[in-house]
Amino acid sequence: MPAKLPSDIAARQVAGNLLAWYDAHARDLPWRSPPGTNAPDPYRVWLSEIMLQQTTVATVRPRFEEFVARWPDIESLAKADDATLMTAWAGLGYYARARNLIACARAVISEHGGAFPATEEGLRGLPGVGAYTAAAIAAIAFGARAVVVDANVARVVARLFAIAEPLPAAMPDIRAATDSITPDARAGDFAQAMMDLGSSICTPRSPHCLSCPLSAHCRAYGEGDPERLPVKRPKAGKPQRYGTIFWVERDGQVLLVRRPPKGLLGGMRALPTGPWADSPPGLADPPLAGAWRMVGGTVDHVFTHFRLELALAVASADRHSGNGIGDEWWPIADIESAGLPTVFAKAARAIRRAG
DNA sequence: AAGCCGTGGCT
DNA sequence: TAGCCAAGGCT
């Protein structure tokens, strides 16, 4: 069931109203140039778009500032070593983004002469740059007329056109509808305006339709129940898994390992763990032989597709204990600077509290 | 195509 | 509180 599209005149009114609203209400964000200006830095646009994937503006803002202070341009980022970059990314989640970030920076240097491709097609070929991100960079950094559809835009458009088909099956209709209202000029501002509108006015629950510049054109508002859109498929439940953290000390240092390069928390520094199973594995598969003892309490963590309950085991090692490849003895007093993913940072804090 | 892949804020 | 949600990409 194709969406009913407004006339060309209505489409122009939607874009005009939205851009006028944006001119008055655009947020001041460090990667964003003032509305109407046309000199954004593609490097900063790209970096912000990668960081913002599935991540809130509030979380990204300080981390973006750290990154651009440390690596102000694509050349400096391409020269960073992998471990340093992964440490800097720690806590942001979806660590494949960090692996792709440095791969992308190096590809821009080695395959594109140090300049980002200016077209959607060219951008789409870069590591970590998918359909959304390619369109966003093309529009925001290069002023191209690209159809930018993220979760905010999808919600706004599903309501504006009253598209009732469930996501993600509705995406082709939503994309076509977005195309029909995307202006030729200021496509980058239009995209950012749609995202700002989605995050502040056209919210998932309790949208603020009385403040919306598009309400006069919104079919869902006209029909009286915009909150019901977009329709989503129910999500599967998260299974519960169990594991054990092995905290072993030697001369005021703790043993850290490097996770395998792909998969969950891939490439990140970590505390040693045994197997993650459907029931508590106890002291199975410790990183080294020793007098392990369980300490009280557990650490709970929720990942995207399962829950994890970690038991805590501690031991002391003598100075001749063997090291595996990638193992490091890290000063316990500086554990916060090790770049541990949040689940391990939580475990470290719990163990240090337990003494 | 649908599952994998983090984390924190909000309700 | 427990679930929902987020400026998605990759396989």
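Sequence lines set the chain letters: A, B, ... in the order given, protein chains first and strands last, and positions in each chain run from 1.
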> OP1, OP2 of B/dT7 versus side-chain N and O of A/His301: anything below 4.0 Å?
yes
> Partner of B/dG9 by Watson-Crick or G-U wobble geometry, both contacts under 3.5 Å, or none?
C/dC4
> Assess the side chains of A/Thr182 and A/Asp179: does a donor N or O sit below 3.5 Å from an acceptor N or O?
no
> I want to check one thing: is the phosphate of B/dC4, taken as OP1 and OP2, less than 4.0 Å away from some side-chain N or O of A/Tyr94?
no
> Is it the case that the side chains of A/Ser76 and A/Asp73 hold a donor-acceptor pair, with the cut-off being a distance below 3.5 Å and no angle test?
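On atom types as modelled, these side chains qualify, holding a pair under 3.5 Å.
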> Using a 4.0 Å cut-off to any heavy atom of chain A, which nucleotides of DNA chain C are the first and last in contact, reading 5' to 3'?
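So the contact region on DNA chain C extends C/dG3 to C/dC10.
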> Out of B/dG8, B/dG6, B/dC4, which nucleotide sits closest to the side chain of A/Thr342?
B/dG8
> Base, sugar-phosphate, or nothing for A/Thr56, non-hydrogen atoms under 4.0 angstrom?
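Contact class for A/Thr56: none.
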> Remember a base hit wins even if backbone is also touched, and classify A/Lys232 as base, sugar-phosphate or nothing at under 4.0 Å, heavy atoms.
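Sugar-phosphate contact only - A/Lys232 comes under 4.0 Å of backbone atoms but never of a base.
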> If only side-chain N and O atoms of A/His305 are considered, is one of them under 4.0 Å from the OP1 or OP2 phosphate oxygen of B/dC5?
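Checking A/His305 against B/dC5: at least one side-chain N or O falls below 4.0 Å of OP1 or OP2.
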> Are side-chain N/O atoms of A/Thr84 and A/Thr87 paired as donor and acceptor at under 3.5 Å?
no
> Mind checking if A/Leu92 touches a base, just sugar-phosphate, or nothing, with heavy atoms under 4.0 Å?
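If one applies the 4.0 Å heavy-atom cut-off, A/Leu92 turns out to touch a base.
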> Counting only heavy atoms not in A/Glu121, do more than 12 sit closer than 6.0 Å to its CD atom?
no
